[in-house]
Amino acid sequence: KTDMIKCAQLEFSFVLALAYTEWCGIYLNVEEWQNNAKHDLEMLEKSKDKLNDYVRDIEKYNTAQLSLFDEDRVTVNWSSPKQVVEVMTDFGVDTYDEREQKHSVGVKIMEKQKNAHAIVKDYLEYSKWAKRANTFGMNWLEFVHNKTGRIHTSFSQIKHTGRMSSGSKRFNAPNIQNLPRDDRYRFCFQSESGNTLVVADYSSQESVVLADRSKEKNLLDFYQKGDGDLHSYVAGLIYNVPYDEIVAAKKAENPTDEQKKYVEYRQNAKAANFAIAYGGNGQTIADNLSLPVEEGERVLNSYMDSFPQLKEYFDECERKILRDGFIIIDNFTGRRFYYPRHPEWESINKKMDQEYWQTYRDLKGQDNGLAQQYKSEVAFYFKTKSDMRKISLNYPIQGTSGSMTKLAVVLFFQWIKKYDLISTVKICNIVHDEVVVECPEHMSEVVSKQLQSAIEYAGSKLLDELTIKASPVITKNWTH
């Protein structure tokens with residue numbers, strides 16, 4: 001009835017491929033990881049000392065007695081947001097989050113305050129090392145299997161978008177998709193003796209999917225002409241600067257002031273590309289780049305002016321989910337996502353005629369049951385409508401990308417089975433647009449070509465107008 005046979009077939013086939021990936025696991029060089037963890041703890045301690053220096057001479061933050069032999073007794077717990085808010089306020093740093101209507105020392109709020117006082121930059125540095133030390137520290141060694149020496153994570157196969165996720169507290173399995181792209185961490189994941197890794201990913205997967213689905217002419221033209229730097233291309237359109245000059249500025253070893261400005265333009269365009277692909281807006285761009293909201297809106301408007309058909313596509317996505325209450329994630333599988341609160345939103349929407357809005361205005365400022373009901377309904381209406389719009393833009397991009405990667409893994413796993421290569425060629429990890437494989441060194445070229453073929457063929461099945469490339473890398477360590 002809903003024509004989702006292909007979706008079921010893909011997911012059923014993927015069950016075996018994903019189970020095989022969990023069974024294979026990925027080898028971790030324990031010694032390298034320990035060195036990393038020690039380095040992070042050292043950096044965390046240094047960052048803490050720098051923060052302590054700011055408050056050491058402030059009586060309420062230091063309980064040390066006046067003695068040459070007393071140890072430092074700074075009382076601030078720099079991992080306590082409540083305590084840090086108090087410190088920041090004392091140093092004249094504005095910690096109020098207008099959107100959440102509360103004080104916060106989250107990264108997005110602090111990034112905007114970097115120039116308010118030197119302590120802010122040092123606190124951001126502390127937060128970075130604290131996250132790394134706590135999330136990717138010695139605790140990861142608990143995940144190494146005592147017999148295989150490998151980490152065998154647990155995947156959740158289907159999220160709302162159709163994508164998968166990694167990690168499970170229940171099975172004591174780590175989120176191996178969430179490792180920082182810092183090579184220090186990935187370098188620790190290696191092939192075993194006599195083997196090598198083959199790592200392949202889609203080139204600009206989500207941006208290509210957005211261009212293909214939206215049929216936006218300027219984006220299609222860019223990808224159909226061949227390889228290039230999308231972010232530089234978009235920056236050139238937004239800021240009316242020649243593409244070649246932005247690319248040159250990005251590559252310059254000693255950039256001029258003008259080239260530095262072009263690099264900043266490219267960074268703004270990059271933020272816009274990612275924000276828009278995920279259903280973001282000017283506020284999102286401003287938050288991601290620590291810009292004033294007005295500048296975020298300006299970048300967004302310039303972006304939409306450069307790609308006029310995107311607005312038509314986005315408006316159509318919103319119109320469909322508001323009308324139907326569901327979205328078709330990708331056209332190949334027919335996968336759907338039904339928005340659970342659409343019926344409730346629709347019933348309120350039907351009531352909102354001219355008489356309704358007049359009653360709402362008349363009740364404004366009153367504090368009775370009817371006024372509260374109208375206020376609650378209106379707030380729910382606009383919040384839910386905004387959420388549905390964001391989902392209607394974001395989910396198809398993520399979901400199409402997810403189905404593409406799943407199909408690629410299924411095809412590659414079928415090749416493994418066909419040639420009786422189970423346990424010889426291992427699928428070690430899948431990270432959204434990337435597949436990590438381990439094989440004997442003498443097979444690396446064959447495996448690389450087969451993996452590339454599976455990835456690119458899957459792309460051809462999920463895309464209508466464009467092709468998408470993969471560039472496998474043969475390496476001893478997980479780097480790409």
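Numbers for residues simply follow the sequence, beginning at 1.
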Lys476, NZ: over 12 other non-hydrogen atoms inside 6.0 angstrom: yes
Check ion pair Lys311-Asp305 (N to O, under 4.0 angstrom): no
Whether over 12 other heavy atoms sit under 6.0 Å from His145 NE2: yes
Backbone N/O of Trp33 and side chain of Asn35: donor-acceptor pair under 3.5 Å: no
Aromatic ring pairing Tyr123/Trp78, orientation class (parallel under 30°, perpendicular over 60°, tilted between): tilted
NZ/NE/NH1/NH2 to OD/OE distance under 4.0 Å, Asp387 and Lys383: no
Pair Glu32 + Arg184: basic N to acidic O under 4.0 Å: no
Lys320, NZ: over 12 other non-hydrogen atoms inside 6.0 angstrom: no
Test applied, ring pair (Phe, Tyr, Trp, His ring centres under 6.0 Å); reference residue, Tyr265; option that passes from Tyr233, Tyr243, Tyr239, Tyr303: Tyr239
Neighbour count above 12 (heavy atom, 6.0 Å) for Asn146 CG: yes
Distance (rounded to the nearest 0.5 Å) between Glu346 CD and Thr384 OG1: 12.5 Å
Centroid-centroid distance, Phe337 to Phe326, less than 6.0 Å: no
Interatomic distance, Gln113 atom CD to Ile109 atom CD1 [nearest 0.5 angstrom]: 8.0 Å
Side-chain heavy atoms of Ile158 within contact of Arg335, under 4.5 Å: yes
Ring-ring centroid check Phe413 Tyr20, cutoff 6.0 Å: yes
Side-chain H-bond candidate by donor/acceptor type, Asp330 with Tyr395, under 3.5 Å: no
Any donor-acceptor N/O pair, Lys406 side chain to Gly162 backbone, under 3.5 Å: yes
Euclidean distance, Ile238 CD1 relative to Arg266 CZ, rounded to 0.5 Å: 12.0 Å
Polar side-chain atom of Gln205 near backbone of Ser401 as donor-acceptor pair, under 3.5 Å: yes
Lys128, NZ atom: more than 12 neighbouring heavy atoms under 6.0 Å: yes
Neighbour count >12 (heavy atoms, 6.0 Å) for atom CG, Asp420: no
Gap between atom CD1 of Ile416 and atom SG of Cys24 - 0.5 Å precision: 7.0 Å
Neighbour count above 12 (heavy atom, 6.0 Å) for Tyr457 OH: no
Nearest-0.5 Å distance that lies between atom CZ in Arg389 and atom CG in Asn281: 9.0 Å
Ring-ring centroid check His231 Phe274, cutoff 6.0 Å: yes
Ile474, Thr196, Val446 screened by side-chain contact (heavy atoms from CB on, under 4.5 Å) with Cys439, the one that passes: Thr196
Under-4.0 Å salt bridge between Arg163 and Glu11: no
Heavy-atom donor-acceptor pair, Asp212 side chain to Asp464 backbone, under 3.5 Å: yes
Asn477 side chain to Thr479 backbone, donor-acceptor under 3.5 Å: no
Side chain to side chain contact (heavy atoms under 4.5 Å, CB included) evaluation trace for Leu197 with Val437: CA-CA 6 Å; Leu197 297 181; Val437 172; over 6 Å; no
Side-chain touch His432/Asp201, heavy atoms, less than 4.5 angstrom: no
Lys/Arg-Asp/Glu bridge criterion (N-O < 4.0 Å) met for Asp122, Lys50: yes
Nearest-0.5 Å distance that lies between atom OG in Ser204 and atom CD1 in Ile468: 7.5 Å
Neighbour count >12 (heavy atoms, 6.0 Å) for atom NZ, Lys215: yes
Any donor-acceptor N/O pair, Glu216 side chain to Asn218 backbone, under 3.5 Å: yes
Flag for Ser79-Tyr126: side-chain donor and acceptor within less than 3.5 Å: yes
Polar contact flag, side-chain donor to acceptor under 3.5 angstrom, Tyr338-Arg336: yes
N/O donor-acceptor pair under 3.5 Å between Ser166 side chain and Pro174 backbone: yes
Asn394 side chain to Gln398 side chain, donor-acceptor N/O pair below 3.5 angstrom: yes
Test item: side-chain donor near acceptor, Gln34 and Trp140, under 3.5 Å: no
Any donor-acceptor pair under 3.5 Å from Gln452 side chain to Ser471 backbone: no
Expected output: side-chain Asn134 to main-chain Ala130 donor-acceptor under 3.5 Å: yes
Exam field: side chain Thr21 to backbone Ala17, donor-acceptor pair closer than 3.5 Å: yes
Pair Asn77, Ser80: side-chain N/O donor-acceptor within cut-off below 3.5 Å: no
